[in-house]
Amino acid sequence: MNTLQSIADALRTQGAPDSQLRRIRALHELATQETALRAIFLVGSFAKGTGHRISDLDLVALVDSGHEQRILDLAEPWLDEGTPRLNHFAGRHREIGAFRKTVYLDFSSVELHTFRRDAGFRLYQPYLTVWDPEDLAAGCKAEGEPIKHEDFEPYEYGDTGLIWELVDCIKWLARGRTELAKRYLVRLGQKIERSGLRS
């Protein structure tokens with residue numbers, strides 16, 4: 001079980017801005033007040049220890065059935081904390097969950113995904129536990145690896161998600177993953193072209 005302080009220390013070591021540390025603490029505080037919010041896990045590059053100044057905060061929350069969107073709506077002001085946005089979009093994980101993705105003007109960014117606790121969500125290593133008083137992680141752990149950047153589906157959310165995809169490419173370039181960014185941009189351009197350009 002990770003402590004909030006150990007998570008904050010891990011993020012700080014990786015160069016996370018203060019805004020990201022405040023968001024972790026704010027979401028933890030929300031969880032102590034909202035009974036339908038059962039567990040929160042930090043995944044992605046910060047959990048791997050490979051994050052940097054502009055890495056996004058990848059968060060997964062397990063919630064009671066029927067509360068997927070409500071928890072996102074509740075979390076929004078806690079995560080935004082008054083920070084101006086560059087871009088924001090949201091969507092569904094079919095009938096089992098929902099998500100919101102936000103890039104802020106300080107170039108920090110957050111993904112928050114909510115899943116029904118009974119939806120069979122699989123939790124891959126490595127992850128850091130932000131909130132899990134019932135040890136729901138024990139029933140979610142899975143072998144193998146989560147989806148890799150190389151396997152991201154380009155243009156999945158059409159024009160709505162385009163800014164987020166371009167910001168992803170900027171993050172990869174900042175990490176020196178130039179080939180990954182270029183290959184993704186080629187695939188993205190091909191997908192946009194196939195979808196038909198609209199003015």
Side-chain angles (χ1 to χ4, degrees), residues 1-65 67-83 93 96-104 106-149 168 171 174-175:
M1 178 70 71
N2 305 104
T3 66
L4 197 59
Q5 186 58 52
S6 68
I7 294 173
D9 290 343
L11 266 64
R12 191 176 291 109
T13 299
Q14 296 172 68
D18 289 342
S19 57
Q20 298 289 50
L21 305 179
R22 290 194 297 269
R23 289 178 185 117
I24 285 285
R25 294 189 181 103
L27 204 57
H28 182 274
E29 178 63 22
L30 174 62
T32 67
Q33 301 177 23
E34 177 50 57
T35 58
L37 179 48
R38 300 301 187 127
I40 307 167
F41 305 103
L42 176 65
V43 298
S45 56
F46 279 130
K48 293 175 185 175
T50 59
H52 58 94
R53 166 63 182 80
I54 60 172
S55 294
D56 57 334
L57 211 55
D58 292 304
L59 296 158
V60 173
L62 300 182
V63 304
D64 288 341
S65 181
H67 292 265
E68 302 85 22
Q69 188 59 51
R70 189 179 72 83
I71 294 298
L72 282 180
D73 294 340
L74 280 175
E76 189 167 328
W78 293 74
L79 291 171
D80 285 357
E81 54 159 19
T83 306
H93 294 296
I96 64 171
F99 69 85
R100 71 186 293 268
K101 300 186 180 189
T102 306
V103 182
Y104 301 94
D106 68 352
F107 228 73
S108 63
S109 53
V110 177
E111 289 188 46
L112 175 59
H113 301 262
T114 58
F115 292 95
R116 286 180 6 221
R117 61 179 297 190
D118 60 351
F121 172 76
R122 309 311 295 160
L123 184 63
Y124 295 94
Q125 293 279 7
Y127 66 89
L128 299 176
T129 300
V130 178
W131 174 258
D132 189 16
E134 300 170 84
D135 194 22
L136 297 183
C140 298
K141 291 179 183 178
E143 298 296 326
E145 296 183 1
I147 186 171
K148 297 180 180 178
H149 292 146
D168 266 344
K171 293 173 190 172
R175 293 180 188 171

Salt-bridge present (Asp64, Arg38; N to O < 4.0 Å):
yes

One pair to check against side chain to side chain contact (heavy atoms under 4.5 Å, CB included): Val60 and Phe121. What are the steps and the verdict?
CA-CA 10 Å; Val60 173; Phe121 172 76; 3.5 Å; yes

Nearest 0.5 Å please: distance from the CD atom of Glu111 over to the CG atom of Asp56.
5.0 Å

The salt bridge (charged side-chain N to carboxylate O under 4.0 Å, His left out) partners of Arg175 (sequence neighbours excluded) come to none

Verify the neighbour count for atom CD of Glu143: are there more than 12 heavy atoms of other residues, nucleotides or ligands below 6.0 Å?
no

For His67 and Arg70, which I'm curious about, is there any donor-acceptor pair between the side chains at under 3.5 Å?
yes

Check: Arg23/Ser108 side-chain N/O donor and acceptor closer than 3.5 Å:
yes

Find the distance between OG (Ser65) and CD1 (Ile96) and round it off to the nearest 0.5 Å.
11.0 Å

Side chain proximity check, Asp132 to Ile40, heavy atoms < 4.5 angstrom:
no

Identify whether the distance between the nearest side-chain nitrogen and carboxylate oxygen of Arg117 and Glu68 falls below 4.0 Å.
no

Hey, can you tell me if His113 and Phe99 have their rings parallel, tilted or perpendicular (30° and 60° cut-offs)?
tilted

Applying side-chain contact (heavy atoms from CB on, under 4.5 Å), can you list everything that pairs with Thr35, at least two apart in sequence or on another chain?
none

Student check: side-chain heavy atoms of Leu21 and Asp18 closer than 4.5 Å
yes

Taking all non-hydrogen atoms of both residues, which atom of Val110 and which atom of Tyr104 are closest, and how far apart?
CG2-CE1, 4.0 Å

Starting at CD of Gln69, measure out to CG of Leu74 and round the result to the nearest 0.5 Å.
10.5 Å

As an exercise, state the distance from CH2 of Trp131 to CD of Glu34, rounded to the nearest 0.5 Å.
11.5 Å

Heavy-atom nearest pair, Tyr124 first then Ala142, reads CE2-CB, 3.6 Å

Report the residues that fulfil salt bridge (charged side-chain N to carboxylate O under 4.0 Å, His left out) with Glu145, sequence neighbours left out, ordered by chain and then residue number.
Lys148

Arg53 versus Pro17: any side-chain heavy-atom pair under 4.5 Å?
yes

Value rounded to 0.5 Å, distance of OG in Ser109 from CD in Gln20
6.5 Å

Taking all heavy atoms of Ala137 and all of Tyr127, pick out the closest pair and write down the distance.
CB-OH, 3.7 Å

Got a second to check how far Ile7's CD1 is from Arg25's CZ, nearest 0.5 Å?
10.5 Å

Please report the C-alpha distance between Ser19 and Asp106 in whole Å, then the side-chain angles of each, then the deciding distance to 0.1 Å, and finally whether the side-chain hydrogen bond (donor to acceptor under 3.5 Å, both in side chains) criterion is met.
CA-CA 9 Å; Ser19 57; Asp106 68 352; 3.1 Å; yes

Quick one: does Arg100's side chain get under 4.5 Å of Thr114's, heavy atoms only?
no

Please determine whether side chain to side chain contact (heavy atoms under 4.5 Å, CB included) holds for the pair Leu57 and Phe46, giving the CA-CA distance in whole Å, both sets of side-chain angles, and the decisive distance to 0.1 Å.
CA-CA 7 Å; Leu57 211 55; Phe46 279 130; 4.0 Å; yes

Between Leu112 and Ala75, what is the shortest heavy-atom contact and its length?
CD2-CB, 3.7 Å

Do Leu62 and Phe41 come close enough that some side-chain heavy atom pair is under 4.5 Å?
yes

Only one of Leu27, Leu59, Asn2 clears side-chain contact (heavy atoms from CB on, under 4.5 Å) with Leu42; which?
Leu59

Which heavy-atom pair separates Gly49 from Gln14 by the least distance, and what is that distance?
C-OE1, 3.1 Å

Ignoring hydrogens and angles, state whether a donor on the side chain of Thr102 or Asp80 is under 3.5 Å from an acceptor on the partner side chain.
no

If we only count heavy atoms from C-beta on, is the Ile24 to Val130 side-chain gap below 4.5 Å?
yes

Taking atom types as modelled, is there a side-chain donor on Thr3 or Gln5 under 3.5 Å from an acceptor on the other?
no

Verify whether one side chain among Ser45 and Lys171 offers a donor that lies under 3.5 Å from an acceptor in the other.
no

Think Arg122 forms a cation-pi with Phe115, using NZ or CZ under 6.0 Å from the six-ring centre and within 45 degrees of its axis?
no

